[in-house]
Participant: 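Mind having a look at this structure? Questions to follow.
In what follows, every chain begins at residue 1, and chains take the letters A, B, ... in the order their sequences are listed.
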Amino acid sequence: MQYNFNEIEAKWQKKWADEKTFQVNSNQGKKKFYGLDMFPYPSGAGLHVGHPLGYIASDIVARYKRHLGYNVLHPQGYDSFGLPAEQYAIQTGQHPAKTTQANIQRYRKQLDQIGFSFDWSREVRTSNPDYYKWTQWIFTQLFNSYYCNKTDKAKPIQLLINHFEEQGNDGLDVASDEVIAPFNATDWKEFSAAKKEEILLQYRLTYLAETEVNWCPALGTVLANDEVINGRSERGGYPVQKKKMKQWSMRISAYAERLLKDLNQLDWSDSIKEAQRNWIGKSEGASVKFKVQNHAANIEVFTTRPDTIFGVSFMTLAPEHDLVNQITTPEQKQSVEAYIKAASLKSERDRMADVKTISGVFTGAYAAHPFTKQPIPIWIGDYVLAGYGTGAVMAVPCGDQRDFDFAKHFNLPIPNVFEGVDVANEAYTDKENAIITNSNFLNGLQGKKAIEEAILALEDEKIGKRQTNFRLRDAVFSRQRYWGEPFPVYYVNGTPKLIKEKHLPLVLPEIDEYLPTEDGAPPLGRAKNWAWDTKNNQVVENTKIDHINVFPLELNTMPGWAGSSWYMFRYMDPQNQEQIASQEALNYWENVDLYIGGSEHATGHLLYARFWTKFLNDLGVIPVEEPFKKMINQGMILGESAFAYRLKDTNTLVTKSKAKMDEVDPIHVDVSMVNLSNELDIDAFKKWRTEFSTADFVTEENGSFVVGREVEKMSKSKYNVVNPDDICETYGADTLRMYEMFLGPIEQAKPWNTAGITGVHNFLRKLWKLYHDKEGFSVIDQPASKEALKILHKTIKKVTEDIENFSFNTSISTFMIAVNELSKIDCNAKEVLNPLAILISPFAPHIAEELWQKMGHHVSISTAPYPKYEEKFLVEDTKTYPISFNGKMRFTLDLSLSLSKEEIEELVMNDEKTKNQLAGRTPKKVIVVPGKIVNIVG
RNA sequence: GCUCGGAUGGUGGAAUUGGUAGACACGUUGGACUUAAAAUCCAAUGACCAUUGCGGUCGUGCGGGUUCAAGUCCCGCUCCGAGUACCA
């Protein structure tokens with residue numbers, strides 16, 4: 001009886017789809033479990049073997065939880081807006097919707113082939129108007145909210161307007177832009193409507209503002225901070241520069257404290273939590289005002305070390321600082337201007353690469369030390385960043401290495417304020433242990449106490465105050481792109497107005513080309529119908545714009561993370577036309593119990609999704625504060641690239657053993673042309689690319705041509721991509737699923753190597769054979785042997801523990817051991833093989849279903865109750881004791897577990913082998929740990 | 001530089017609160033079956049020494065330490081991977 005996996009798998013995949021086996025509804029009577037994968041961006045390359053790794057893991061857990069009786073929500077969908085489809089559209093003129101649709105179909109086919117238990121009736125696509133209607137809706141909610149620091153909650157903007165009408169902007173504790181001119185109630189009432197809107201924008205949770213953005217000319221769009229890596233775009237690796245542009249931003253900074261604090265309640269890996277903590281970057285200290293001499297201006301600085309304030313010997317402003325022009329003396333004007341110009345020309349990347357070069361210029365101006373009133377020279381230098389704090393620092397060279405280096409370089413004094421510390425060669429940056437000296441009232445104080453005293457003094461003298469700063473910046477939310485959500489925004493004389501909720505979605509218009517317009521406007525500037533008719537509430541031709549009733553619409557679109565910031569809630573009720581999801585569904589499913597995905601989203605998606613969740617929670621829309629309770633980050637599956645070695649400047653290829661590495665160029669070879677022994681299929685290679693059709697080959701003595709191997713990221717350009725399709729074809733989906741899990745711990749990165757796959761495949765065949773003999777199905781309904789039951793229960797125990805710990809590789813070993821052992825004793829008792837099928841069904845669902853059916857069951861195995869582990873089958877009466885001498889195991893001894901310590905010692909000491917080992921010596925000590933070990937010392 | 005991981009046979013990887021290091025699998029070698037090959041099955045497989053059988057020495061990146069006992073705990077290093085980048 002053959003294990004015909006292709007047939008079995010097709011049969012069950014069809015059955016699951018036809019019978020809607022995995023469709024789920026909220027069910028108050030059952031405990032819920034929500035297992036979610038980070039949904040994929042459907043790229044043109046299709047799935048490679050790395051993608052399903054996480055999906056398989058979450059599918060195992062989802063199926064396991066079903067067996068345990070949970071009501072399991074396990075959906076899948078597509079993050080289908082994004083750059084690659086648009087880049088492709090630019091090149092080919094194909095509408096991104098079309099390529100996206102084709103890619104989704106391919107993904108779906110590949111996913112179906114692996115046998116996932118997704119509830120596809122809940123699929124979402126972020127590029128679907130039914131979906132992005134609600135993305136736009138959330139945007140309008142953010143627009144109509146401000147953040148109240150007192151209650152730590154977002155509130156309707158109307159409450160703020162009420163406050164303005166009563167007392168202007170006095171007495172507010174809310175999140176806003178940094179500098180807002182004060183006004184009173186009378187002022188407010190007299191302001192024009194446009195002026196009022198302008199003021200309100202400074203408080204809204206999403207706002208339009210002139211901001212310094214990361215502009216990527218090659219992509220023709222701005223990027224968020226998390227999309228820029230080392231001064232280059234995350235996608236494509238193109239250079240990024242700073243540019244001021246009017247953009248929509250998200251006031252995520254208002255949520256900084258909560259985003260930080262609530263990390264503690266999440267069951268996520270420490271490294272991701274740490275990455276978020278660093279990204280949020282909370283620092284506590286004080287802001288201090290320094291008066292500029294002979295000038296009305298004050299320079300405000302932020303410092304975490306107010307205790308070192310008597311060590312200030314100069315100040316440094318960022319070149320972009322607003323005051324620089326005002327305070328620079330005529331003598332210094334020329335060099336200051338030259339420096340500012342040079343700094344502005346440097347790209348972000350240059351500036352970062354240049355960290356070690358110290359540069360700066362004296363402005364000629366002096367500030368007065370807030371306590372001593374001594375003059376302090378004011379410098380500018382690009383080691384101070386305009387975007388952090390106030391863009392100015394009080395330089396304490398004895399306590400900060402950068403200030404120290406700057407002082408050394410420009411020969412500025414380095415006064416020492418630390419007791420018993422030498423600061424001749426480097427700054428002393430220890431915050432805890434520093435004892436302050438030469439500092440008036442701070443003398444003799446240490447660490448926190450000194451900082452505390454300094455802040456109190458600053459506040460007493462009204463020259464500074466306690467302050468907390470965050471590194472987290474507001475997130476730029478506009479993209480100069482076509483393939484994204486349109487903003488539900490139109491402009492009345494430059495003032496943004498929102499389209500009312502009931503008229504959403506605002507659907508993406510058609511355009512002729514997916515490029516910016518000639519005058520540099522985003523692609524939506526090409527749309528002929530992109531104006532809002534406020535009378536009829538619909539999109540109309542641009543020609544109708546009259547700025548009375550018909551207004552131009554926003555030309556930017558939303559970024560990729562918009563749709564992915566809330567999709568986990570849409571799955572709960574994906575067809576809802578009235579709400580993002582029904583209250584009932586939101587209350588029942590709450591949030592994601594297990595989220596599986598890559599760790600590369602640590603500071604992007606995972607932070608934004610938390611932000612929007614908290615915001616929607618503030619509004620009372622959703623009942624939870626956090627979207628993902630527990631998260632597992634699967635490691636990347638790497639590719640094993642293959643290289644042929646070509647003699648430099650020739651067309652001669654040399655087999656690995658004869659190639660001298662300094663005389664050859666390694667050339668990537670498609671891994672599909674290489675067999676398990678690293679031998680190249682030369683004929684296929686010649687046909688692969690014309691340049692090789694005439695190549696000469698220097699082979700091994702036996703005529704084979706061996707390639708070199710190297711582990712790299714799996715990518716099309718490296719020709720090392722392995723598709724799951726081929727594996728499913730050759731070995732079956734169950735083998736693929738088990739093999740991916742068998743490779744090693746889920747969180748660890750590892751190279752893909754099919755060498756071991758036969759082992760897993762053989763295991764499934766052995767499993768099949770356990771239920772069959774030559775004649776056919778051989779499971780019989782008769783009592784199982786004690787031994788067989790012991791094997792079963794040992795397996796239940798271990799596999800269950802392993803699933804709970806996400807240690808899938810070891811559970812597969814356990815199955816292998818169980819099947820080996822059961823085969824050895826020819827077990828064919830249903831009492832054992834029935835529960836065994838259930839145990840294995842989360843891992844290899846197709847074969848499990850087939851065996852289950854053969855054992856006479858008529859409903860899917862997927863909801864069969866999970867076998868219960870019973871201790872009584874495992875009770876042993878003897879233990880094979882390792883007998884060690886001085887910690888080294890020499891032999892083993894089977895002894896009854898009922899023996900006492902003393903009895904064990906006696907039996908061991910009287911054993912012939914012990915006497916041999918001791919060779920007449922008398923042991924100093926005998927350690928007996930009943931049930932574990934015996935160690936004889938001496 | 002900082003933060004977080006990691007280092008175990010030829011390979012992927014196991015090893016509970018410190019208690020038989022190398023489970024399971026791949027690969028390799030030998031054997032059975034076969035006209036032959038594949039598939040399958042059986043056996044061996046950390047290194048070294050010894051070998052007629054028993055056996056012995058060394059072994060979890062390196063150097064120390066704690067302990068009857070250390071892959072596991074402590075101290076000091078080395079190397080590799082990931083993230084981050086002048087954050088005042």
Side-chain angles (χ1 to χ4, degrees), chain A residues 229-231 269-275 277-279 281-283 285 301-305 308 315-316 318 351-356 358 381-385 387-396 399-403 405-406 429 469-473 599-600 602-603 633 635-636 638 676-677 739 742-745 747-763 765-766 769 798 801 807 809-820 880-892 916 923-929 931-938:
Chain A
I229 292 170
N230 289 333
S269 75
D270 286 336
S271 65
I272 296 251
K273 289 207 263 190
E274 197 58 26
R277 278 189 199 109
N278 292 337
W279 192 259
K282 181 179 182 176
S283 42
V301 301
F302 172 72
T303 177
T304 55
R305 297 295 304 275
T308 62
M315 300 186 79
T316 316
R351 214 161 136 168
M352 280 195 305
D354 236 19
V355 171
K356 278 165 208 93
I358 293 161
D382 66 3
Y383 81 96
V384 177
L385 304 177
Y388 184 76
T390 59
V393 300
M394 58 175 223
V396 183
D400 181 285
Q401 194 56 44
R402 289 153 306 167
D403 294 345
D405 295 340
F406 195 87
T429 55
N469 244 10
F470 291 95
R471 195 184 89 110
L472 183 69
R473 306 286 87 197
S599 53
E600 66 272 20
T603 51
N633 303 110
M636 207 190 320
L638 303 162
L676 289 177
S677 314
Y739 183 58
F742 187 62
L743 277 175
E747 301 192 75
Q748 202 170 298
K750 53 217 151 226
W752 178 260
N753 181 342
T754 32
I757 201 165
T758 52
V760 172
H761 187 64
N762 276 341
F763 156 73
R765 291 166 50 155
K766 275 190 226 165
K769 270 169 78 177
K798 176 81 171 116
E801 280 169 7
S807 173
N809 55 329
T810 51
S811 41
I812 292 177
S813 302
T814 307
F815 283 127
M816 288 173 169
I817 294 167
V819 169
N820 286 345
T880 307
Y881 278 92
I883 312 300
S884 326
F885 293 80
N886 296 319
K888 279 179 193 137
M889 202 278 288
R890 290 301 169 192
F891 59 90
T892 58
N916 276 342
K924 285 200 198 92
K925 204 171 177 186
V926 179
I927 312 265
V928 178
V929 184
K932 284 240 160 97
I933 199 169
V934 176
N935 191 15
I936 297 160
V937 187

Participant: Taking the six-membered ring where the residue is Trp, are the ring centres of A/Tyr739 and A/Trp752 under 6.0 Å apart?
Facilitator: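 Close enough - the centres of the two rings lie under 6.0 Å apart.
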Participant: OP1 or OP2 of B/G13 versus the side-chain N and O atoms of A/Gln748: is any pair under 4.0 Å?
Facilitator: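 A/Gln748 to B/G13 OP1/OP2: side-chain N or O found under 4.0 Å.
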Participant: Quantified in whole Å, what is the P atom distance between nucleotide B/C33 and nucleotide B/A38?
Facilitator: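 Straight-line distance between the two P atoms is 15 Å.
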Participant: Expressed as a whole number of Å, how far does the C1' atom of B/C77 sit from that of B/C54?
Facilitator: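 Nearest-Å result for B/C77 against B/C54 at atom C1': 43 Å.
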Participant: Say whether, by atom type as modelled, one donor and one acceptor occur between the side chain of A/Asn278 and the main chain of A/Gly281 under 3.5 angstrom.
Facilitator: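 The answer is no, because no donor-acceptor pair under 3.5 Å joins these two groups.
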Participant: If I take atom CZ in residue A/Phe891 and atom C1' in nucleotide B/C54, what distance separates them, rounded to the nearest angstrom?
Facilitator: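 Between C1' of B/C54 and CZ of A/Phe891: 14 Å.
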Participant: Looking at every strand, decide which applies to A/Asn820 at a 4.0 Å heavy-atom threshold: base, sugar-phosphate, or nothing.
Facilitator: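 Since only primed, P, OP1 and OP2 atoms lie under 4.0 Å of A/Asn820, the category is sugar-phosphate.
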Participant: Syn if the chi torsion is within 90° of 0, anti otherwise; quick check, which is B/G13?
Facilitator: anti
Participant: Taking atom P in both B/U11 and B/G61, compute the distance separating them and give it to the nearest angstrom.
Facilitator: 13 Å
Participant: Say we look at B/C24 and B/A14: how far apart would their C1' atoms be, to the nearest angstrom?
Facilitator: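 Going atom to atom, C1' in each nucleotide, I get 7 Å.
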Participant: Give none if B/U20 has no partner; otherwise give the nucleotide forming a Watson-Crick or G-U wobble pair with it, both distances under 3.5 Å.
Facilitator: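 Here B/U20 is not engaged in any pair, so there is no nucleotide opposite it.
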Participant: Using the P atoms only, state how far B/G22 lies from B/A15, rounded to an integer number of Å.
Facilitator: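 The answer is 13 Å between these two P atoms.
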Participant: Whole Å only: how far is the CZ atom of A/Arg471 from the C1' atom of B/C86?
Facilitator: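 Rounded to the whole Å, the gap is 12 Å.
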Participant: Over 60° means perpendicular and under 30° means parallel, so classify the ring planes of A/Phe302 and A/Tyr388, tilted if in between.
Facilitator: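 Ring orientation, 0 to 90° scale: perpendicular.
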Participant: Do A/Lys798 and A/Glu801 sit within salt-bridge range, that is, some charged N less than 4.0 Å from a carboxylate O?
Facilitator: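 A/Glu801 and A/Lys798: not salt-bridged.
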